[in-house]
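Notes follow once the structure below has been shown.
Convention: sequence-line order gives letters A, B, ...; per-chain numbering from 1.
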Amino acid sequence: MEYAFSTIEKKWKKYWQDNNVYRVSNDSSKPKYYILDMFPYPSGAGLHVGHPLGYIASDIYARYKRMKGFNVLHPMGFDAFGLPAEQYALETGQHPAVTTEKNIARYKEQLDNIGFCYDWEREVRTSEPNYYKWTQWIFLQLFHSWYDRKQQKARTIKDLITIFEKEGNTNNACPDDDKLCFDAKAWAGMSEKEKRDTLMKYRLAFQGYAEVWWCEALGTVLANDEVVNGVSERGGHPVIRKQMRQWFLRITEYADRLLTSLDKLEWSDAMKEMQRNWIGKSNGAEVRFDVQGFADKYITVFTTRPDTIFGVDFMVLAPEHDLVDTITTAEQKEAITEYKKYVQSRSERERMAEVKQVTGCFTGAYVTHPFTRKQVPIWISEYVLASYGTGAIMAVPSGDDRDHAFAKHFEIPITNIFGSNYNGEAAYTDKTGTLENSGFLSGIDLSKAIDVAIRAIVDAGIGKAKVNFKMRDAGFSRQRYWGEPFPIVYVNGIPYATDEIENGGNLPVELPMVENYKPGPEGEGPLANVTEWVTTDKGTRETNTMPGYAGSSWYFLRYMDPKNDVEFASKSATDYWREVDLYIGGTEHAVGHLLYSRLWTKVLHDLGHISFEEPFKKLVNQGMIQGNSRFIYRLTLINNTKEQKPLEFPVFISHSYRNQFVHNTISHEELIKTINKFANESGTEYEIPFDNDYKIHVNPLHVDISFVDGVQLDIEKLKQSKSEYNNAIFVLEDGKYICGAEVEKMSKSKYNVVNPDDIVGDFGADTFRMYEMFLGPIDVSKPWEQKGIEGVHRFIKKMWRLYADEQTGWIVTDEAATDAELKLLHKTIKKIGDDIERFSFNTAVSQFMICVNELTSLNCHKRAILEPLTVLITPFAPHLAEELWQNCFGNTATVLDAPFPAYDEKYTVDNSKVYPVAVNGKTRAEMEFALDMEQAALEAAVLADETIQKWMEGKPVKKFIYVKGKMINVVV
RNA sequence: GCGGGUGUGGUGAAAUUGGUAGACACGCUAGACUUAGGAUCUAGUGCUGCGAGGCUUGGGGGUUCGAGUCCCUCCACCCGCACCA
C-alpha cells in the first residue's frame, strides 16, 4: 500500500469541512489562546510559496495549543480595500469589488489546499459593508473624542464642551495651537462655526490644513510611511509637499503612551526599536532669542543641548519659517529670495540624495544672545526642517557636526566651549568632560550641565524644558475610490458626523457603485464625481475615503464576534478573547499597521469599549522566501553611441562565457570566433561579422525557472515557449547551457514564482508544510530551493512504511516496546514539544527524521510507539496523521482532539554521554570524565569535598566542579 | 553617520543555561537491486595527512580546567532610520 497523498489529503479536507472540526466557540471552559496571522491583501497574482511560511508556523502552533487543551482562535480574513484593485480597475474597467471577490476566492482555495485550521465562519473582509460599518463607527468614536492630558486618556467631546462652558480652555491647552486661549464667556459668545472649528482642534480624528505628501501620478496624498526614499512606496512615483485639507488622527497625543507600553510587549528588540525611532522622543529645551531691531519678534529654538548655549555662533531658520521675510534686511532680500527659490526647485529626492552638501543664506538680521548679550547672525538653510521642533535652531559649531560643517563652509568664527576636547577640526559631540568659556556653566561637568542650563533658562524667563517627538499626526484621507467612505456630511461648509444629524448615523455609509474611477476636480477623489451620492437632503458628503490601514487597525477585534450587527464586537467576546496572544507577520508593518492598531486599541480602551490596551502581546516576524531567478545571456551589437541592434539569429551564451566576457578574460574577437564555430556545428551558415563600429553586448534576461533544472537550461522547453527562439544559437559549456542565478523578490515579471498549488500537487500538503518549516528558522529570509523538498518527502514516505507495507497493507503490531524504543519516543516527545514552544520548527522536523530513521533501523512497527508518534506529528502533517490514526489504531474521532503526548522523564535523561568532571588547575587533557550523570555527580562530590577541605585550610581555590546538566559550582 | 542584527562544510543549517562543533537534510562519490530510472537500499563525505595525528565556527586578543556561545577590538554582509537640532 503506497502513500497516496492526494487521495488521503482530499479525503480529510472533506471530512474536516463536513464535520466543521475547526469551528471555534466563544463559550468554553478551556483557557483561551488567540493566535493571528497578518491577513493578506488579495492580489491578482495569487499566493506564491513565500506567503504561507508564517501561516504554516501559526497553524502548527495553533494545532499544538489546541492539543494542549486550549480553546484556540486562529482566524483568517482579507485586507480587501486598497490601491492595486483600483488601479487595475482604471486599466481594465473591471469593478474592484469584482476583482477583489475573484482574488479572495482564489486565495481561499490556495490556503485550503495547504490544510490550515481556520474557522472560515469567522472570516472578515474589510471591504464588506457589514465590516466597514464598524470601521466608520470607530472613526466616529475618534471624531467624538479628545485627549485629556492630565488624565492621560481619551474622553468624549461632550465632556470637553461642558468644560469649555464652565472654564473655557484655560486648563486644557489646545494641542493644535498652544496660543489659543479663551474663557467660558468667550466660548459662549462663539458662533456655531467658531465652536466647531475650535472643537476640531481637539478631536482625535480631525480635519486640518497641512502640508502632506501629494503624489500626482496616483492622484492622492500618502502617509509618511507610504513614502520611501522620496517616492511612493507603491509604484515608485515622485511625491511633493502640498498644503491640503485633510483628515488626521491625533496620534501625537499618544506618543508617550505608545512609547512606554512598548516595554511590556514580547516583540523583537529590532521591532520595538523601529517604533521608538519612529516616535522619536527627545528631551531638551525651548529657548527664546530676541531679534534685534524688532520689539516683539523672537525666535524660539528647540535644542537637546541647552548646556552648549554659550557656544552659539549663529542661528538657522528653516527656509519656510514664518519670520524669514519679516526680518530679512533690504540688502539680503534678493539673496534670500533666490535661495528660497532654489530650495523649492529641489525635489525631496534631490534633497535626500545630497545630504552632505552645505547650502544656506544670511538674512542680514541678528538676535541677542540671552546670556552674553552678543549679537548672533541669523541664517536660513535647508538642513533645518520646518516640520521638526520649532523650525529653528541655535547653532553650536564646536558641539554639533552639521553646525560645524556649516560654519566652516561659510567661514563663521567658531567659539570653543570644550577647551582641549575640541580640536578645531571636528565638532566635539561626546557628553563627557567639562565646559569652558561658558559663563556660569564654566567648569561644570557635561553630565550635569543640561539640568543646570535648563534651570538658568527658566529663571531668566527665556524658555522651558521641552519634550519633542519626531512622529507627526497620521494623515487619514485618500483621494481614492476603493476605501471606506467617511461618515461625514457638510452642512453650510461645517463638517458633521452623520450620527449628529441622523439617529445612529445611518451606518454604514455605503460606497456607491461607479463606472469611472478617475480623480475628481481639484485633487478630490473619484467620489466627487458621483453627485447623486454626494448630495443628501442634509448636506454634502465627504468625498475622501479612508486609507488602507483603517480596516486593518481593528480587524483582530472583529474575529472575536464577526457576525455582530449591533456592536463591532460584544463586550463578552472581547473580554473572553482579549488581546492577541501571538501575532505572526512580516517586519514591513513595523511603523504602519502595528502602530495604528496600537493607537486604536488604546482609544477604544480609554473610551471603555474594551478592557485591554495593547492589541498584540507577542509578535513573531517571519522572514521572506525570495525567488531564485535564472538568467540567460542574449547577445546584441552595440556601437559607441549605445545604439543596440539585434543579431540576425538570437544568440545566447552560457554563463561562463558571459563571465569571461564581462571580466575581459576573453576578447571580443575570440568570443565571435567561438560563437561562429558553434553556429557552424549546429548547421547554421550565419556568422557574426567582425565589426569595429558594432561591438558585442551581453543582455541578461530572466528565464522562466520551470525551464531550468538547477542552473542547467532545458533548451527545448525555452524554444517551445517562443517561436522567435526556434533558430536560436546556444553557445554551450561542457555540452550544457548554464544559467546565471540571482536571489530576488518573488514576482511574476522575474519569472521566478513558485505556486504552492504545484508543490502540493507534486508532493502533497504535508510535505509542503514540513519542508517550508525545515528550510531554516522562520525569522530568516532565504531563497526558495526546490531541490531539498525530496528529502522531506522521502521522510514522510519512510514514516508511512513504518505503518504500512506495499504488499501486505497495515503492519502495526501490539508487541511490547523495548526500553530503547521508549527512550527514543520520549526523547522525541520532549524535543518536539520544546521546539514548538520556542518556535524552532526546523529542528522539530529534524527530530522527526531522526526518530523515523532509528525506528526504521530497529524495524519497529509497534503500536505503543507509533500511536503517540502519530499524535505528535499532527500539527505538522495533519492529513497523514488522520489517515494513520483511523486506519492503524481504529480510532473513530479525529486526531485533532487527541491530547499532545506527555513525556516520561525517566526515559529522557540522557546518560549515554560523557560528562566532564574537573577541578581548577587541570588542563583539558587532564580532565576527568564520567560516563553518566550519576557517576559524574558522585565524583564531583568527592572532589568537591577535597577542595572545600583545602579552602577551609586556607589554601586559595577559585572555582571547581563542572558537570553538565546540573552544575555543581562553588565560587569563592 | 546613527540604531539593530548576522558571520559555522560545496549548500540550507544544528549545537536550549559555556561541556566530545558540524545533528538533520540537500548535493556529491562509490556500491547493491534493476530493461531503465529523477525509485529504493548500503557505505563514505569539514580541511590536511599513507598513517598515528594535526588543524577548524570572519580576523586578532582576553576571561575560563574548558569558548561557536561571554568580554574587547577589527573586518564583512543584511535590515531599519537618515540633515530630527
*Closest nucleotide of RNA chain B for A:Ala270 versus for A:Ser840: which of these residues is on the 5' side?*
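This one resolves to A:Ala270.
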
*A:Gly791 vs A:Thr303, nearer the 5' end of RNA chain B by closest nucleotide*: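 The 5'-side residue here is A:Gly791.
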
*Once the angle between the rings of A:Phe876 and A:Phe841 is folded into 0 to 90°, is it parallel (under 30°), tilted (30 to 60°) or perpendicular (over 60°)?*
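Perpendicular: the ring planes of A:Phe876 and A:Phe841 meet at over 60°.
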
Length of the [atom1]-[atom2] vector between [X] and [N], whole Å:
{"X": "A:Arg276", "N": "B:G4", "atom1": "CZ", "atom2": "P", "answer": "11 Å"}
{"X": "A:Lys787", "N": "B:C24", "atom1": "NZ", "atom2": "P", "answer": "22 Å"}
{"X": "A:Leu594", "N": "B:G80", "atom1": "CG", "atom2": "C1'", "answer": "14 Å"}
{"X": "A:Lys470", "N": "B:C2", "atom1": "NZ", "atom2": "P", "answer": "14 Å"}
{"X": "A:Phe763", "N": "B:A39", "atom1": "CZ", "atom2": "P", "answer": "10 Å"}
{"X": "A:Gln275", "N": "B:G3", "atom1": "CD", "atom2": "C1'", "answer": "15 Å"}
{"X": "A:Phe795", "N": "B:U40", "atom1": "CZ", "atom2": "C1'", "answer": "18 Å"}
{"X": "A:Trp800", "N": "B:A39", "atom1": "CH2", "atom2": "P", "answer": "21 Å"}

Contact class for [X] vs. all strands (heavy atom < 4.0 Å): base, sugar-phosphate, or nothing?
{"X": "A:Lys831", "value": "base"}
{"X": "A:Asn853", "value": "sugar-phosphate"}
{"X": "A:Asn842", "value": "sugar-phosphate"}
{"X": "A:Ser282", "value": "sugar-phosphate"}
{"X": "A:Val780", "value": "sugar-phosphate"}
{"X": "A:Glu785", "value": "nothing"}

Taking the same atom, [atom1], in [N] and in [M], what whole-Å distance lies between them?
{"N": "B:G10", "M": "B:G58", "atom1": "P", "result": "13 Å"}
{"N": "B:A39", "M": "B:C33", "atom1": "C1'", "result": "11 Å"}
{"N": "B:U57", "M": "B:A67", "atom1": "C1'", "result": "11 Å"}
{"N": "B:G80", "M": "B:A25", "atom1": "P", "result": "35 Å"}
{"N": "B:C75", "M": "B:G22", "atom1": "C1'", "result": "24 Å"}
{"N": "B:U8", "M": "B:A14", "atom1": "C1'", "result": "10 Å"}
{"N": "B:U69", "M": "B:U17", "atom1": "C1'", "result": "11 Å"}
{"N": "B:C81", "M": "B:G27", "atom1": "P", "result": "39 Å"}

Given [options], identify the nucleotide with an atom nearest to the side chain of [X].
{"X": "A:Arg801", "options": "B:A15, B:U16, B:C41", "answer": "B:C41"}
{"X": "A:Lys797", "options": "B:A25, B:U40, B:A85", "answer": "B:U40"}
{"X": "A:Glu273", "options": "B:G3, B:U16, B:A85", "answer": "B:G3"}
{"X": "A:Glu382", "options": "B:U40, B:C24, B:C83", "answer": "B:C83"}
{"X": "A:Lys798", "options": "B:C41, B:G4, B:A85", "answer": "B:C41"}
{"X": "A:Phe774", "options": "B:A14, B:C24, B:A85", "answer": "B:C24"}
{"X": "A:Lys782", "options": "B:G80, B:A13, B:A14", "answer": "B:A13"}
{"X": "A:Tyr383", "options": "B:A85, B:C83, B:A23", "answer": "B:C83"}
{"X": "A:Asn277", "options": "B:A85, B:C81, B:A23", "answer": "B:C81"}
{"X": "A:Pro777", "options": "B:G12, B:A13, B:A23", "answer": "B:A13"}

Partner lookup for [N], please. Criteria are Watson-Crick or G-U wobble with both distances under 3.5 angstrom; report none if nothing qualifies.
{"N": "B:U40", "answer": "B:A32"}
{"N": "B:C2", "answer": "B:G80"}
{"N": "B:U16", "answer": "none"}
{"N": "B:G27", "answer": "B:U45"}
{"N": "B:G51", "answer": "none"}

*Give a yes or no on whether a salt bridge exists between A:Arg276 and A:Asp269, defined as a side-chain N under 4.0 angstrom from a carboxylate O.*
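Here A:Arg276 does not pair with A:Asp269 in a salt bridge, since their nearest N and O are not under 4.0 Å apart.
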
*asked:* With a 4.0 Å cut-off on N to O distance, would you call A:Arg801 and A:Asp805 a salt bridge?
replied: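 No, A:Arg801 and A:Asp805 are not salt-bridged.
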
*For A:Ile625 and A:Gly50, which heavy atoms make the closest approach, and how far apart are they?*
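Answer, listing the atom of A:Ile625 first, then A:Gly50: CB-CA, 3.6 Å.
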
*asked:* Do A:Tyr903 and A:Lys827 have side chains that approach each other closer than 4.5 Å (heavy atoms only, starting at C-beta)?
replied: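 A side-chain contact under 4.5 Å is absent here.
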
*Say you draw a straight line from OH of A:Tyr64 to CG of A:Leu872; how long is it, rounded to the nearest 0.5 Å?*
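Separation between the atoms: 10.0 Å.
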
*Based on the glycosidic angle (syn within 90° of 0, else anti), state the conformation of B:G61.*
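What B:G61 shows is an anti base, its glycosidic angle lying more than 90° from 0.
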
*Determine, step by step, whether A:Asn283 and A:Lys466 satisfy the side chain to side chain donor-acceptor pair (under 3.5 Å) criterion, reporting the C-alpha distance in whole Å, the side-chain angles of both residues, the deciding distance to 0.1 Å, and the verdict.*
CA-CA 6 Å; A:Asn283 293 300; A:Lys466 167 96 185 176; over 6 Å; no

_Pair A:Thr587-A:Asn621, side-chain donor/acceptor within less than 3.5 Å_ =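 Distance-only check fails for A:Thr587 and A:Asn621.
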
